[in-house]
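So that the names make sense, note that chain A is the first sequence line, chain B the second, and so on, each numbered from 1.
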Amino acid sequence: MIQITLKDGKVVEHPEGVTPLEIARGIGSRLVKEALAAKVNGRLYDLHRPLTGDAQVEFVTFDDEEGQLVYRHSSSHVMAQAVKKLFPECKLAIGPAIKDGFYYDFDVLQSFTPEDLEKIEKEMQAIIEADLPFERFELSREDAIALARAAGEDYKVELIEDLPEDAVISFYRQGDFTDLCAGPHVPSTGRIRSFKLLSLAGAYWRGDERNRMLQRIYGTSYPKQSMLKEYLFRLEEAKKRDHRRLGVELDLYSVHDEGPGFPFFHPKGMVLRNELERFWREEHVKQGYQEIRSPIILRQELWERSGHWEHYKENMYFTRIDEENYAIKPMNCPGGIILYQSRLHSYRELPIRLGELGLVHRHELSGVLHGLMRVRCFTQDDAHLFCRPEQVEDEIVGIIEMVEYFYRNIFGFDYHIELSTRPEKAMGSDALWETATNALRGALEKKGLPYKVNEGDGAFYGPKIDFKLQDCLGRTWQCGTIQCDFQMPEKFDLTYVGEDGLKHRPVMLHRVVFGSLERFIAILTEHFAGAFPLWLAPVQARVIPITDRHAEYARQVTDRLLEAGIRAEFDGRNEKVGYKIREAQVQKVPYMLIAGDKEVESGTVAVRERSEGDLGAQPLEAVIADLKGRIETRYLRRES
RNA sequence: GCUGAUGUGGCUCAGUAGGUAGAGCAGCUCACUCGUAAUGAGCAGGUCGCCGGUUCGAAUCCGGCCAUCAGCUCCA
C-alpha cells in the first residue's frame, strides 16, 4: 500500500500502481469528470499513469491554467492525427498549447486552404467521437530515433537528438497516431468537447528564417460549447477596440497606400499627441531633464562611427546631398552625443539628462507594419542621460519610477518587465556588457519589481529593461525601455572632467517612457476603447441646444467653455436631441451639455456624462469648475 | 522579407453560369423645432487596388505588382 496525500491534507491508502484516476474515483464523481491531469509531487501526470510510491496528489481541471494547457495540448494532438490521416505525406514539427488555444506546425508539400481546415475539423470530430485513449510509453534514445525515422518524421528525429542526455523520452499514442511528447494528456480524445480551428499561417522551423517555412494551424478548444462561443464573442468584441478601426471612426489618424507605415495624424489625433507631449514635458522638467532637438538627417559617416552602419543599416534610409552620403536617423542617440560633445563637461553637471521628442525613420519589413503600433516613422520620447558610473543605478531607478508613475497612475495600464541581454550581433566586450546588465538588474532588484529575462534581445550597443503593454487582443508591445550603454561613450570618446581635474568616461543611458508616441497612442486607444480620459479627449464637451431658440444660449455656453480652456463643440445642427446625443456617445465625447428652455432661464446646463448618463441641470460655472479640476489633475477613470 | 487570405462609393457590405454596378450608414438639400443613443422625403457619390493578358465583351477568368489582415522572423 502507498500513502496518498490529497490537496486538503487528507491521507488515503491505495495499493501500489494505483492511478490518479482511481484515486479521483474515491473522492467524487464530479472530480472524475472534470479532472484533466494530476499533479503528483508537483509534477504533471496523466490520470492513467500508475503511482509507484507515496505521493502528494492534486488534480488539475480546466479552471487551472495548467489544466487548460493539458487540454489544448491534447487538442493539438487530435488535430495532428486528423491532419496525418488526410495528408499522410505531411511531416510533424511541434504542436504546443498556447494562451487561449494551441497550434501545430506541419511540413506539407502544398499549403493548407480554408477548405482543408473544414475537412480537418470534421476528421477531428470523428477522432473525438471515437474516444481513443491517450497511451504513454517511453523509449531509449536509439529506439525513439528509430521509431521517428521509420515514420519519416525528420523533425522529430531532430528534436530527439537535441534532447538532453538524461531526458526521459516519451511518446503518446491515440489510435493509429503516435507522437513524441512529454505529456501529460487528458485520458482520451473524447474529453475534447468544443474546438475550432481559427487560422492558418506560415512559421519557420525553430523560428529561424533560414529554415524551411512550415504550415501552422491555430485552434482553440473548451470543455463546453458555451465557453467556446463566449471566447469567440470576446474576440469579436476585442476587435471593436482595435485602434485602426477606432482611428477611422473617431477621426484620429489614418494610414494610406501613398505611404505605407507613415501615418497621418488628423486634428483630433493631434490633440491627443499634444496633450501627451505637454504632460511629458511637465514631468520631465520636474525630474531635471532639459529638452533638445537634433536633426533628422546627418552624415553617413556619423552612423559608421556609431556602429549603426555595421549593425543597423538594413533598417536605415539613406540620401545624398551635394554629392555626399547622408542617413535619415533611425535613433536619436548620435545626435544627443554630438550635442554633449559640443563643449566640455564637469563632474558637477552630471547627470545631464537630455530629453528629445525625436522623429526617427526605420525601414521595417513590409509584413510587420501594423496601424500605429508598427510604423516606419515614429516619434520617440527619448532621453539620453550622461552620468558618472556611481550614478548609474540611481538614474535607472529614477527612470523606472517615472515609467511606473506614467503607466500605473496616469494611464492605469498593466504591464510587465523584461530584461534583455547581449544579442549575438553586438558591439563591445563581454565585461562591459556584464557591468551594464548588472546595473539594470540591480535597479530592478532594488525596486523589487518582477521581471523576466529575455536572453539575447538587447540592443547592439547595450542591454535593456523593456516595459511591455498589451493591445486589444492581448498581444504585447514594447513601449518603455531603458538601455545601459558603455559603448557609445567609448566610440565617441565622451568625457567629463572629474574632481581630480582629469578626463573620465561617462556612462550613457538611453530611455523612452511612452516608447513611441504613435505606438503609445495606439495602446491608449485600445485600452480605453476610444473613451479617453477627460484630459486627453479630443473633444471634452459637446453643447447641444434642444431647438433653434436655444442655439444662441448654447453658443454662449460653448464660448464660455472655450474661454475656460475646455475643448468644446457646439452642435447646432437641425436634428433631434436624441440624434445628437447618440452621435456624441458614438464619438465618445465625455460630456454632453444640453440646453433647453429650463436651462436658458436658469443659466444652467443639463449635464450628461458619457458613461453615467443624465446628471441633471447644474449651473454652468459649477460645471466648468468641475471639468477644469478633472482636466488639471488628469483624472483617470476607467471606462467599462 | 516569408506563408496564407483579402482588396467594390467616406464606412460596412451585396453582386459565380463573364453582358459596361447595388444596399445601409455617413454627406448634401428640403420639411419638421423636437428634452437624453438614429424624424421623414429627396439628391449626389464608384477608373470595381494598379498594370497587362484571354475574350466580341472582365468587378467577375489568368499573370505580375501594390496595399491590407493573420501568423512567422524582426522591433519603439
Against the side chain of A:R216, the closest entry in B:C72, B:G35, B:A38 is B:C72

Distance between the P atoms of B:G49 and B:A14, in whole angstroms?
14 Å

Whole Å only: how far is the CD atom of A:E424 from the C1' atom of B:U73?
14 Å

Please determine if a side-chain N or O atom of A:Y579 lies less than 4.0 Å away from the OP1 or OP2 oxygen of B:C25.
no

Around atom CZ of A:R293, are there more than 12 heavy atoms of other residues, nucleotides or ligands at under 6.0 Å?
no

Counting only side-chain nitrogens and oxygens, does A:R475 get under 4.0 Å of the OP1 or OP2 atom of B:A70?
yes

When you compare B:C65 with B:G4, how far apart are their P atoms, in angstrom units rounded to a whole number?
13 Å

Is the phosphate of B:A70, meaning OP1 or OP2, less than 4.0 Å from a side-chain N or O of A:R244?
yes

At 4.0 Å (heavy atoms only), tell me whether A:K598 reaches a base, stays on the sugar-phosphate, or touches nothing.
base

So what does A:M592 touch, heavy atoms closer than 4.0 Å: a base, only the sugar-phosphate, or nothing?
nothing

Separation of B:G27 atom P from A:D251 atom CG, nearest Å, is 13 Å

Gap between atoms CG and P, on A:D242 and B:U12 respectively (whole Å)
12 Å

Between A:V248 and A:D208, who's closer to the 5' end of RNA chain B by nearest nucleotide?
A:V248

Regarding the side chain of A:V368, the nearest nucleotide among B:U73, B:G71, B:A76 is B:U73

Pairwise P distance for B:C62 and B:U16, with rounding to whole Å:
15 Å

Is A:G578 touching bases, backbone alone, or none of the nucleic acid, heavy atoms closer than 4.0 Å?
sugar-phosphate

Say you pick atom C1' in B:G46 and the same atom in B:C11; how far apart are they, in whole Å?
14 Å

OH of A:Y289 to CE of A:M402, rounded to nearest 0.5 Å, is 4.5 Å

P spacing across the pair B:G24 / B:C43, given as an integer number of angstrom
12 Å

Hey, can you tell me if A:F279 and A:F411 have their rings parallel, tilted or perpendicular (30° and 60° cut-offs)?
perpendicular

Ring-ring centroid check A:F87 A:F106, cutoff 6.0 Å
no

Which nucleotide, in any strand shown, forms a Watson-Crick or G-U wobble pair with B:G19, with both distances under 3.5 Å?
B:C56

Between B:U60 and B:A17, how many Å separate the two C1' atoms, rounded to a whole number?
11 Å

Consider the side chain of A:V586, meaning its heavy atoms from C-beta on, and name the nucleotide among B:C75, B:A70, B:A37 that approaches it most closely.
B:A37

Students often get this wrong, so: under 4.0 angstrom with heavy atoms, is A:R608 touching a base, only sugar-phosphate, or nothing?
base

Using a cut-off of 4.0 Å on non-hydrogen atoms, how would the nucleic acid contact of A:H256 be classed: base, sugar-phosphate, or nothing?
nothing

Heavy-atom count around A:E552 CD within 6.0 Å, excluding the residue itself: above 12?
no

Checking A:E455 against A:T421: is there a side-chain donor and acceptor pair closer than 3.5 Å?
yes

Any A:T547 side-chain nitrogen or oxygen under 4.0 Å from OP1 or OP2 of B:C34
no

Identify whether any heavy atom of A:E599 sits under 4.0 Å from a base atom; if not, whether one sits that close to sugar-phosphate; answer base, sugar-phosphate or nothing.
base

Does the aromatic ring of A:F378 sit over the six-membered base ring of B:A76, closer than 5.5 Å centre to centre and tilted less than 30°?
yes

What nucleic acid atoms does A:G367 come within less than 4.0 Å of, heavy atoms only: base, sugar-phosphate, or nothing?
base

Given B:U3, B:U73, B:C32, the nucleotide with the shortest approach to the side chain of A:N574:
B:C32

Counting any heavy atom closer than 4.0 Å, what does A:R374 reach on the DNA or RNA strands: base, sugar-phosphate only, or nothing?
base

When rounded to the nearest Å, what value does the distance between P atoms of B:G22 and B:G9 take?
15 Å

By the 4.0 Å heavy-atom rule, please label A:D257 as base, sugar-phosphate, or nothing.
sugar-phosphate

Under 4.0 Å, counting only non-hydrogen atoms across every strand here, what does A:V255 touch: a base, just sugar-phosphate, or nothing?
nothing

For A:Q215, report the nucleic acid contact type (base, sugar-phosphate, nothing); a contact means any heavy atom under 4.0 Å.
sugar-phosphate

Considering just the side-chain nitrogens and oxygens of A:S366, establish if one lies under 4.0 Å of OP1 or OP2 belonging to B:G1.
yes

A:A203 side chain: which of B:C72, B:G4, B:G35 is closest?
B:C72

Assign A:Q380 to base, sugar-phosphate, or nothing according to its heavy-atom contacts below 4.0 angstrom with the strands shown.
sugar-phosphate

Whole-Å distance between B:A67 C1' and A:F262 CZ?
14 Å

Can you confirm whether A:R555 is buried at CZ, in the sense that more than 12 heavy atoms of other residues, nucleotides or ligands lie under 6.0 Å from that atom?
no

Taking only the side-chain nitrogens and oxygens of A:K239, find out if one of them lies under 4.0 Å from OP1 or OP2 of B:C69.
no

Calculate the interatomic distance between A:H370 atom NE2 and B:A76 atom C1'; express it in whole Å.
14 Å

Where the side chain of A:M213 is concerned, which of B:U33, B:U3, B:A70 is the nearest nucleotide?
B:U3

On a whole-Å scale, what distance lies between the C1' atoms belonging to B:U3 and B:C48?
28 Å

Kindly point out which of B:U73, B:A37, B:U68 is positioned nearest to the side chain of A:R582?
B:A37

Does A:R244 make a cation-pi contact with A:Y253, if we ask for NZ or CZ under 6.0 Å from the ring centre and within 45° of the axis?
no

Measure the distance from CG on A:N315 to C1' on B:A76 and round it to the nearest whole Å.
12 Å

Could you tell me whether A:Y218 contacts a base, only the sugar-phosphate backbone, or nothing, with contacts defined as non-hydrogen atoms closer than 4.0 Å?
sugar-phosphate

With no hydrogens and no angle check, do the side chains of A:E601 and A:Y553 hold a donor and an acceptor under 3.5 Å apart?
no

Rounded to the nearest angstrom, tell me the gap between atom CZ in A:F460 and atom C1' in B:A76.
15 Å

Closer to the 5' end of RNA chain B via nearest nucleotide, is it A:L369 or A:E249?
A:E249

Taking OP1 and OP2 of B:C75, is either one under 4.0 Å from a side-chain nitrogen or oxygen of A:Q478?
no

Are any of A:R549's side-chain N or O atoms less than 4.0 Å away from OP1 or OP2 of B:U33?
no

Side chain of A:D457 (C-beta onward), nearest among B:A26, B:C75, B:C34
B:C75

B:C2, B:U33, B:C34: which one has an atom nearest the side-chain heavy atoms of A:Y204?
B:C2

A:H550 NE2 to B:U33 P: how many Å, rounded?
13 Å

Counting any heavy atom closer than 4.0 Å, what does A:K468 reach on the DNA or RNA strands: base, sugar-phosphate only, or nothing?
nothing

What's the separation between atom NZ in A:K196 and atom CE in A:M124, rounded to the nearest 0.5 Å?
11.5 Å

Closest approach to the side chain of A:I594, judged atom by atom: which nucleotide of B:U36, B:A38, B:A70 is it?
B:U36

